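Counting from 1, the numbers follow the sequence of the chain as shown. Only heavy atoms go into these numbers, but all of them, side chains included; no hydrogens, no water, no symmetry mates. Everything numeric here is computed off the predicted structure, so don't read it as measured data.
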Amino acid sequence: MNFRKATLGDFRALNTLLFESQRMHANALPELFSISRTVIPYPDYQTMIHGSNFHILVAEEYGKLIGYSITELTATSSGIGRSSSRAAYMYYLGVDTSHQKSGIGRKLFEEVKKWAIQNKAKTIHLNVWSFNQNAVAFYNRLGMKEIGKLMAYELH
């Protein structure tokens with residue numbers, strides 16, 4: 001297995017992997033997520049690949065993508081009563097269902113940590129939806145801690 005930075009040529013394969021997660025999210029939260037085979041449109045993907053604040057990492061086995069992470073360096077908000085700092089925001093981390101529970105996700109996270117440290121981030125943030133208990137447990141095992149809750153009130 002090989003870990004490397006994503007290239008423009010990975011666009012289709014990466015979106016195929018992202019679709020697995022997108023479908024799960026759309027089934028659980030259809031009011032927030034749509035089912036689309038192109039999760040990241042090509043112009044956005046190009047911007048991410050060429051942007052210095054983005055890090056797209058892929059795990060590859062025998063020439064096939066089997067895992068990915070997409071992370072961006074951000075500045076945390078310095079709103080009222082909050083201090084600002086540099087953070088790495090992980091938008092996605094996923095592993096093909098046929099390769100889950102083999103340590104790939106943990107290795108991807110370790111690579112994200114290295115990249116975040118090299119880029120002087122103080123924390124790694126991500127959003128995980130409450131319905132996704134497997135992801136919650138995975139991130140807890142990695143040592144991540146819940147720091148807040150996103151709550152919603154549905155208006156009819």
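Among residues two or more places apart in sequence or in another chain, the side-chain contact (heavy atoms from CB on, under 4.5 Å) test is passed with Ile117 by none. Every residue two or more places apart in sequence or in another chain was checked for a ring-ring contact (aromatic ring centres under 6.0 Å, His included) with Phe19, and none qualifies. Listed by chain and residue number, Leu73, Ala88, Ala116 satisfy the side-chain contact (heavy atoms from CB on, under 4.5 Å) test with Ala121 (two or more places apart in sequence, or in another chain). Partners of Glu154 by side-chain contact (heavy atoms from CB on, under 4.5 Å), not counting sequence neighbours, listed by chain and number: Glu31, His156. Listed by chain and number, the residues in a salt bridge (Lys or Arg N to Asp or Glu O under 4.0 Å) with Lys5 amount to none (sequence neighbours excluded). Remark: Phe33 pairs with His25, Trp129 by the ring-ring contact (aromatic ring centres under 6.0 Å, His included) rule, at least two apart or across chains. Annotation: ring-ring contact (aromatic ring centres under 6.0 Å, His included) contacts of Phe11 (sequence neighbours excluded): Tyr42, Tyr45. Considering only residues two or more places apart in sequence or on other chains, Met144 meets the side-chain contact (heavy atoms from CB on, under 4.5 Å) condition with Phe109, Ile124, Leu126, Tyr139. Tyr91 pairs by the ring-ring contact (aromatic ring centres under 6.0 Å, His included) definition with Tyr89, not counting sequence neighbours.
The salt bridge (Lys or Arg N to Asp or Glu O under 4.0 Å) contacts involving residues 40-63 comprise Arg4-Glu60, where partners must be two or more places apart or lie in separate chains. Counting only residues at least two apart or on different chains, the salt bridge (Lys or Arg N to Asp or Glu O under 4.0 Å) pairs with a member in residues 118-147 are Glu146-Lys149. Among residues at least two apart or in separate chains, ring-ring contact (aromatic ring centres under 6.0 Å, His included) pairs with a member in residues 49-69 are His55-Trp115.
Across all non-hydrogen atoms, the minimal contact from Val39 to Pro41 is O-CD, 3.7 Å.
Using a 4.0 Å cut-off between a side-chain N of Lys or Arg and a carboxylate O of Asp or Glu, Lys114 and Glu111 qualify as a salt bridge.
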Apply side-chain contact (heavy atoms from CB on, under 4.5 Å) to the pair Leu14 and Ile56, showing each step before the final yes or no. CA-CA 10 Å; Leu14 184 57; Ile56 303 177; 4.0 Å; yes
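Note: Ile49 CD1 to Ile70 CD1 = 8.5 Å, rounded to the nearest 0.5 Å.
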